[in-house]
Q: 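Got a structure here, written out as C-alpha cells. Questions coming.
Reckoned from all heavy atoms, side chains included, excluding hydrogens, waters and symmetry mates. Each chain gets a letter, A, B and so on, in the order its sequence line appears, and its residues count up from 1.
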There are 2 protein chains.
Amino acid sequence: MSSDASEELSTYVVSVDCVIFGYMHNAIMVALLMRAEEPFADCWALPGGPILAGESPEQACLRKLEEDIGLKVEYLEQLYTFGAPGRDPRKRAFSISHFALIEDTERPLIWGQDSRTAQWFHIDKLPSSDWAFDHENIVQKALQRLRGKLSYEPIGLSLLPEEFSLPELKNIYDVILGKELDRRNFYKKIKATGLLLPTQTIPSTRGKPTQLYRFDRKRYAQLKEEGFAFEI
Amino acid sequence: MSSDASEELSTYVVSVDCVIFGYMHNAIMVALLMRAEEPFADCWALPGGPILAGESPEQACLRKLEEDIGLKVEYLEQLYTFGAPGRDPRKRAFSISHFALIEDTERPLIWGQDSRTAQWFHIDKLPSSDWAFDHENIVQKALQRLRGKLSYEPIGLSLLPEEFSLPELKNIYDVILGKELDRRNFYKKIKATGLLLPTQTIPSTRGKPTQLYRFDRKRYAQLKEEGFAFEI
DNA sequence: GCAAAAGTGTTCCCGTTACACCCATGT
DNA sequence: ACATGGGTGTAACGGGAACACTTTTGC
C-alpha cells in the first residue's frame, strides 16, 4: 500500500503547528502539549491542527491558539514547512510551522481533549527526549529565529504587556541572547529610536519608582515603510 | 461541491515552486515560464511541480530544476509556503516556495512541455501583468530575501562560477542592493574575511590583468560552526 | 602615450563599548 | 541611614565611510 518513491503522492495531510514563546518568571518559555493518542502518545508536541477550508495557514494558527489553548497572540509569522517523508509514521504529512509570541502572562495553559496536559517549558530546560514527530527540530528552528530576529525587529516588545519598563525589556534581551547587556547602553539605544512613549511611573518593589513606556506601533510601521531599520 | 469555510479541507494539492536567480549580462535575472494550459494560460509562472512520494520538498525542487529546466543549482533554501484559499481557482493548493541561486551562465533556459516558453527576466523589468496565481508575490518575497541575506551570508558567491574576480563580485552587490559600493572598502572587507583564496590572474578586456579567487567553502563552514558571522 | 580597468593605503568620524556616579524609595 | 533597584553622562576605542593615487595592459 505504501507507494513507490518515484510515484506521485496519494494520501497526505497538511496542518499547522505553532511554537509559542512567552515571557514569565523572568524567563522565556515554550508551550508544549503531551499527546494523549498514538502515534507518540505521552510525547511532547507542539499545538497545531488541520487547516479549514476558508482559512489561510496563519488564520488556522490564530484560531487554534485562541480557541484551544486560550492564548492571545501578539505576533505570528510563518516559520518553515516540514514535509520530509517519514516524519509522520501514518502517512505523508506537511506541517506549516509558525512562530508565535504572546503577551506576558502568568496564566497556566489550558488544553484541548486531544492532549493529556500542557506545560510551559523554560527554553534552556526543554525535554531531552519524548518528543513527538520532528517537533524538537521545529522548536530549535524557532529558537534560532527568535535569537536572530531579536536585534533587528522589535519582537521583544511583543512579549511584554502594553505598558512595560526598561528593566523588564532589557531582561528579555538578556535571557534570549544569553548574556547580560549593559544597562546604560541598552537604554540609550532603545530610547534613541524615539519609539518609546513614557506613560506613567509605578512604585518599584524597592527603591526608585519605575517609568513605564508604550511602544509607538504606528510610528514604527510608518518609519519601517520609509526604510528605517530597528536595531538594538 | 465547494466546501463550507468551516469544514475541513477535502481535496487539495501540495507542490513546490522555485524562484531561480541567476547573474548574467551584469544583471540579476529570474527564470519564468509561460504556461501553456489553463488556468492562467499564457501567463508567467514559476517553475515547480508536485512532490513525489520518496522525496522532501527540497529534493523535489532540485529534481525539477535539474531535470526539467536544465539548471545546476548552487544554493537552495525554503522561502515560504503560500496556501491562502482561492490562490488556485481549481482547488485548494499549497505551494512550498523555494529560493534558488544558480551559477553564472549565459545559457538560455530549456523548458518542459507544459510551458510555451521560458525566459530570464531582469529583476527590475519583471512583467507588470499576466502573472499566474500569486507568483508575483512569491517573486517579490524572494527578492526581499535576496536583498536581506546578501550582506550577512555569502550568497553572492553562489551566483558566480567557482573562480571569480573581485570586480565581478562587487558588481553583484551593486546590482542587488541597487547602489554602487565603494570598491576599496568592499575589497578590504571581503579580503579581511580570509575566505578568498587567490588562484590565477587572467588578462582583462582592457588594462591590468584580473586576479581570480576561489571561495574557501570548507573554512567558511568551519568558522560558521564557531559562530563566525559573515558580513559585508 | 593614453585610456581603461585593477589594485592599494590613509584619514576622519560616528557609533559602540566601557565605565562610575546620583536618585528615590521602602524598610 | 542604608540597602536596593532605577536612572543618567562621558571618555576611549574601533570599524566603516570617504577619498586619491599607482599599476598594468590594449589600442
Q: If the threshold is 4.0 Å, N to carboxylate O, is there a salt bridge linking Lys72(B) and Glu66(B)?
A: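 No, Lys72(B) and Glu66(B) are not salt-bridged.
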
Q: Are the aromatic ring centres of Phe99(A) and Phe21(A) under 6.0 angstrom apart?
A: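 Yes - the distance between ring centres of Phe99(A) and Phe21(A) falls below the 6.0 Å cut-off.
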
Q: Kindly state whether the ring of Tyr173(B) and the ring of Phe186(B) have centres lying under 6.0 angstrom apart.
A: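 Yes, the ring of Tyr173(B) comes within the 6.0 Å limit of the ring of Phe186(B), centre to centre.
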
Q: Near DNA chain C, under 4.0 Å by heavy atom, which residues of residues 188-216 of chain B?
A: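 Going residue by residue through residues 188-216 of chain B, the ones with a heavy atom under 4.0 Å of DNA chain C turn out to be Lys188(B), Lys191(B), Arg206(B), Gly207(B), Lys208(B), Pro209(B), Thr210(B), Gln211(B).
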
Q: Quick one: do Lys64(A) and Glu58(A) make a salt bridge, cutoff under 4.0 Å?
A: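 Not counted as a salt bridge, because no side-chain N and carboxylate O are separated by less than 4.0 Å.
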
Q: If you take the centroid of each ring, where Trp contributes its six-membered ring, are Tyr80(A) and Phe82(A) closer together than 6.0 Å?
A: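 Yes; Tyr80(A) has its ring centre under 6.0 Å from that of Phe82(A).
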
Q: State whether Arg145(B) and Glu77(B) are salt-bridged, where the test is any N-O pair (Lys NZ or Arg NE/NH1/NH2 against Asp/Glu carboxylate O) under 4.0 Å.
A: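 Looking at Arg145(B) and Glu77(B), the cut-off is met.
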
Q: Apply salt bridge (Lys or Arg N to Asp or Glu O under 4.0 Å) to the pair Asp42(A) and Arg116(A), showing each step before the final yes or no.
A: CA-CA 8 Å; Asp42(A) 301 311; Arg116(A) 274 201 217 302; 2.4 Å; yes

Q: In this structure, which one of Leu101(B), Leu143(B), Ile138(B), Leu146(B) forms a side-chain contact (heavy atoms from CB on, under 4.5 Å) with Val19(B)?
A: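 One option only clears the test, and that one is Ile138(B).
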
Q: Kindly determine whether Glu74(A) and Arg217(A) satisfy salt bridge (Lys or Arg N to Asp or Glu O under 4.0 Å), including the steps that lead there.
A: CA-CA 12 Å; Glu74(A) 275 298 305; Arg217(A) 293 166 188 274; 3.3 Å; yes

Q: Give me the first and last nucleotide of DNA chain D, going 5' to 3', that has any atom under 4.0 Å from a heavy atom of chain A.
A: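 Span of nucleotides near chain A: dA3(D) to dT10(D).
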
Q: Are Phe215(B) and Tyr220(B), when compared by the centres of their aromatic rings, separated by less than 6.0 Å?
A: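 Ring centroids of Phe215(B) and Tyr220(B) are less than 6.0 Å from each other.
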
Q: Reading DNA chain C in the 5' to 3' direction, which nucleotide is the first one with an atom under 4.0 Å from a heavy atom of chain B, and which is the last?
A: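 Reading along DNA chain C, I get dA3(C) to dT10(C).
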
